[in-house]
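Take a look at the structure below.
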Amino acid sequence: QKCACFLVASEVEQTYIMIKPDGVQRGLVGEIISRFEKKGFLLKGLKLFQCPKDLAQEHYKDLKERPFFPNLIDYITSGPVVCMAWEGDGVVASARKLIGATNPLQAEPGTIRGDLAVQTGRNVVHGSDSPDNGKREIGLWFKEGELAQWESVQTPWLIE
Ligand code: GDP
Ligand code: MG
């Protein structure tokens, strides 16, 4: 049977990670991607993208009543972002740990925000907060066919 798997949502847990415009402007793209690569998760989607306002509003719709919402939308649409889909068991919670607390001053050293940022309004990276939101956000930011189906040669050296 011919594989139509590029059309089928992955069974494995996935998270949506996004390098925000400050991370791109500050030249942190390689550094941030590197942390997820080195951890051992699988990169399934990657693109540089200028986010339109309506997509930013949809992505952050749960925050639309918050006073900082207009600033947040301006921030996310202020320049290109790097959109990524990462895959692996437990990737959602683990990525949140790698990213660190929302306020970079409270984020632990060793985390992305703890090492690379100083303010909540410029906290360089986004990560989905649940597997369901991972699916929802990957569906929002990527079109069908934009995710790659591939196996890493490292997998047997990462997972017994
Ligand atoms: P996250 O899941 O850690 O990214 O945090 P939230 O889901 O609570 O908020 C989403 C994003 O909104 C954060 O990453 C910040 O960019 C922004 N944000 C949250 N709270 C504040 C705030 O109090 N002030 C400002 N300026 N931005 C905020
Ligand atoms: Mg959040």
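Just so you know, these numbers come straight off a predicted model, no measurement behind them. Counting starts at 1 for both ligands and their atoms, in listed order. FYI, the numbering just counts along the sequence from 1.
For ligand 1, the atoms closer than 4.0 angstrom to any heavy atom of Gly121 are 26 (N). Listed by atom number, the atoms of ligand 1 under 4.0 Å from Thr102 heavy atoms are 1 (P), 3 (O), 5 (O), 13 (C). Under a 4.0 Å criterion applied to the non-hydrogen atoms of Asn123, ligand 1 contributes the atoms 13 (C), 14 (O), 15 (C), 16 (O). Counting the atoms of ligand 1 from 1 in the order shown, those under 4.0 Å from a heavy atom of Leu63 are 9 (O), 10 (C).
Across all non-hydrogen atoms, the minimal contact from Val24 to Pro80 is CG2-O, 3.3 Å.
Of all protein heavy atoms, the one closest to atom 16 (O) of ligand 1 is Lys20 NZ, 3.0 Å.
Phe36 has its ring centre less than 6.0 Å from the ring centre of Trp86.
Under the 4.5 Å side-chain contact rule for hydrophobic residues, Phe68 and Met18 share a cluster. No chain of hydrophobic side-chain contacts below 4.5 Å, direct or via other Ile, Leu, Val, Met, Phe, Trp or Tyr residues, connects Leu116 to Val118.
In this structure, Asp115 contributes its side chain and Gly110 its backbone to a donor-acceptor pair below 3.5 Å.
Contact annotation: for Arg66 versus ligand 1, there are no heavy atoms closer than 4.0 Å. Under 4.0 angstrom from ligand 1, the non-hydrogen atoms of Thr120 come from both its backbone and its side chain. Neither the backbone nor the side chain of Met18 comes within 4.0 Å of ligand 1, counting heavy atoms alone. Neither the backbone nor the side chain of Ile99 comes within contact range of ligand 1; no heavy atom lies under 4.0 Å. For Arg122, no heavy-atom contact with ligand 1 is shorter than 4.0 Å.
Distances between N or O atoms of Arg96 and those of ligand 1 include at least one value under 3.5 Å. For the pair Arg113 and ligand 1, the shortest N or O to N or O distance falls below 3.5 Å.
Contact of the Leu55 side chain with the Phe49 side chain is registered, since non-hydrogen atoms from C-beta on lie closer than 4.5 Å. Considering only heavy atoms from C-beta on, Val81 stays 4.5 Å or farther from His126 through its side chain.
We find the NZ-NZ distance between Lys97 and Lys39 to be 8.5 Å, quoted to the nearest 0.5 Å.
Compare Phe68, Phe69, Tyr60 by their heavy atoms: the one nearest to atom 23 (O) of ligand 1 is in Phe68.
Between Trp141 and Tyr16, the ring planes lie parallel to each other; the angle is under 30°, not in the 30° to 60° tilted range.
Ligand 1 lies less than 4.0 angstrom from a heavy atom belonging to Leu72.
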